[in-house]
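Quick caveat: nothing in here was measured; it's all calculated off a predicted structure. Index from 1, following the sequence.
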Amino acid sequence: MESAAVSAAPDPTLDPPLEQLRHLAGELRQLLPGVRVGEAQETTKEFDREAFWRRLNEAAVTVSREATTLTVAFSRLPLPSPQETQRFCEQVRAAIKAIIAVYYLFPKDQGITLRKLVRSATLDIVDDMAQLVEALYINPAQSNPENLIPYNSVWDACQHIPQIPKDNKAAALSVLTKSVDLVKDAHEEMEQAVEECDPYCGLLNDIEEDTSDNHVDEEDILGCPNNRDSYWSEGDQELIIPCLALARASKACLKKIRLSVAENGKKDQVAQLDDIVDISDEISPSVDDLALSIYPPVCPLTVRINSAKLVSVLKKALEITKASHVTPQPEDSWIPLLINAVDHCMNRIKELTQNEVES
């Protein structure tokens, strides 16, 4: 009887349940930097693609299951004992380390683009699990949305694993499609800004005529905006036209690059596909920089600099695409036409900003 009583006694060396969760959340967060910069595990064995995806899917299922078990255990009273909590934490820790270990098995020679997608999915799972553990120790024994949100995030991240492209060509198309959508959105926002950013232009023109004749102060007129920095001048509006054309050309470039990869891309040409994706990834941020620079008050020199950066990226993307296997007949391709269109936009922007350069 005494031995049974001793075995059932709580272990005084174990932290309280919530303190164990706090430590676990910290441990999971400490794993994130290593996953971001970690290199693939070196091996002499030939990469088994099917085995890798099977193991990754199984690891994700395990993480999802442990997330469910932990959430149920800490969403009601009584809370688990220190011994039970220790077991739950060990299972979560093991599941997370297992999926990280599987990620490290993916070699770079299968494609950097695809490896980045696997890494991103792995990071999402680890980060979301850390957030779930944090939510459970902050709000224990509560079935509330604050706990369900991170749980659903873990579940969604695990469900995403089977949806990852299975080869580098499919991964490249996925990334290029996202870039096309981002540039399309940026271009549409620029067009919308042009249509809506100066709604009082006509009113101001009428007011200027009235005030010149009747000496009326604009500030005395209800609702009259008097901050000219919020509106485009005629010179600004003229400069915006080639900027919009350049954003439109950026969208066309990405669409054509994506189409070439879809039609002519080869799965075994991983390095060339990676090069195309790497440079194409720079187009969307460059379009965003240009879009931001056309909002009033406009600095023509900034517009010129951002336009030149975008043109440089576009030309490099087109040249890399032209030199790759996705453009089998570069001399008859669409690439020279797009380069000419981009150059035309840039030349017009230079003309309209030349005074700023010379002053």
Side-chain angles (χ1 to χ4, degrees), residues 111-114 116-117 165 167-192 194 239-291 293-294 303-353:
I112 300 297
T113 303
L114 181 52
K116 286 180 178 179
L117 293 183
D167 60 69
N168 209 47
K169 177 182 176 180
L173 287 172
S174 173
V175 175
L176 289 170
T177 298
K178 182 179 179 180
S179 295
V180 170
D181 292 340
L182 289 173
V183 171
K184 178 182 177 182
D185 290 344
H187 178 245
E188 290 176 353
E189 288 175 7
M190 291 172 71
E191 288 188 323
Q192 185 176 359
V194 170
L239 179 58
I240 287 169
I241 294 174
C243 291
L244 281 172
L246 188 54
R248 189 161 51 248
S250 302
K251 181 176 64 174
C253 286
L254 275 172
K255 282 186 173 181
K256 293 296 288 185
I257 290 172
R258 181 185 61 180
L259 182 62
S260 295
V261 171
E263 292 182 346
N264 304 314
K266 297 178 181 178
K267 296 179 182 180
D268 59 342
Q269 296 288 338
V270 293
Q272 290 189 7
L273 291 173
D274 286 336
D275 289 342
I276 292 171
V277 170
D278 281 345
I279 186 61
S280 297
D281 256 355
E282 297 180 27
I283 295 176
S284 175
S286 299
V287 171
D288 288 342
D289 288 342
L290 176 60
S293 64
I294 70 167
V303 173
R304 179 177 177 137
I305 291 172
N306 287 338
S307 299
K309 289 179 180 177
L310 174 57
V311 168
S312 176
V313 170
L314 289 172
K315 285 187 172 182
K316 189 174 181 181
L318 292 171
E319 290 298 335
I320 288 175
T321 302
K322 181 180 178 180
S324 74
H325 72 283
V326 305
T327 311
Q329 295 179 321
E331 68 279 358
D332 299 326
S333 77
W334 42 270
I335 292 177
L337 295 176
L338 280 174
I339 290 178
N340 288 337
V342 167
D343 282 338
H344 177 75
C345 294
M346 190 66 229
N347 289 336
R348 181 57 179 156
I349 291 170
K350 287 180 178 178
E351 291 175 8
L352 295 172
T353 58

S250 side-chain N/O to L246 backbone N/O, donor-acceptor pair under 3.5 Å
yes

Is there a side-chain contact between N347 and H344, using heavy atoms and a 4.5 Å cut-off?
no

Roughly how far, to the nearest 0.5 Å, is the CG atom of L314 from the CG atom of L254?
7.5 Å

Between the main-chain N or O of H325 and the side-chain N or O of Q272, is there a donor-acceptor pair closer than 3.5 Å?
yes

Taking all non-hydrogen atoms of both residues into account, name the closest pair between L239 and T353 and its distance.
CD1-CG2, 3.8 Å

Taking side chain to side chain contact (heavy atoms under 4.5 Å, CB included) as the criterion, tell me which of V287, D288, D281 meets it with S284.
D288

Residues R348, E351: salt bridge by 4.0 Å N-O rule:
yes

Does I240 form a side chain to side chain contact (heavy atoms under 4.5 Å, CB included) with M190? I'd like the steps, not just the answer.
CA-CA 9 Å; I240 287 169; M190 291 172 71; over 6 Å; no

Taking the side chain as C-beta and beyond, is there a heavy-atom pair between N168 and K267 under 4.5 Å?
no

E188 side, atom CD; D185 side, atom CG - distance, nearest 0.5 Å:
6.0 Å

Might you work through the side chain to side chain contact (heavy atoms under 4.5 Å, CB included) test for E319 and I339, ending with a clear yes or no?
CA-CA 9 Å; E319 290 298 335; I339 290 178; 3.5 Å; yes

Determine yes or no for a side-chain-to-main-chain donor-acceptor pair under 3.5 angstrom, with N306 supplying the side chain and D289 the backbone.
yes

Should K116 and D278 count as an ion pair when the cut-off is N to O under 4.0 Å?
yes

Minimum heavy-atom separation for H187 to A247, with atom names?
CD2-CB, 3.8 Å

Minimum heavy-atom separation for L176 to R258, with atom names?
CD1-CA, 4.0 Å

Any idea which heavy atoms bring I349 and C243 closest together, and the distance?
CD1-SG, 4.1 Å

If we only count heavy atoms from C-beta on, is the L318 to C253 side-chain gap below 4.5 Å?
yes

Just do the side chain to side chain contact (heavy atoms under 4.5 Å, CB included) check on T177 and S174 with the steps written out, would you?
CA-CA 5 Å; T177 298; S174 173; 5.9 Å; no

Approximate separation, where rounding is to 0.5 Å, of K251 NZ and D181 CG:
11.0 Å

If we only count heavy atoms from C-beta on, is the D275 to S324 side-chain gap below 4.5 Å?
no

Can you tell me which residue among L273, T113, V180 is in a side chain to side chain contact (heavy atoms under 4.5 Å, CB included) with V175?
T113

So do I335 and T327 actually touch side chain to side chain, heavy atoms under 4.5 Å?
yes

Taking the side chain as everything from C-beta on, heavy atoms only, tell me whether V277 gets closer than 4.5 Å to S280.
no

Given T321, which partner from the list L338, V261, I276 fulfils the side chain to side chain contact (heavy atoms under 4.5 Å, CB included) test?
I276

Would you indicate whether the side-chain heavy atoms of E191 and R248 approach each other to under 4.5 Å?
yes

Minimum side-chain heavy-atom gap K169-K266 below 4.5 Å:
no

Looking at every non-hydrogen atom in both residues, tell me the closest pair between P242 and L352 and how far apart they are.
CG-CD1, 4.1 Å

In Å, rounded to the nearest 0.5 Å, how long is the span from CG of L259 to CG of L173?
10.0 Å

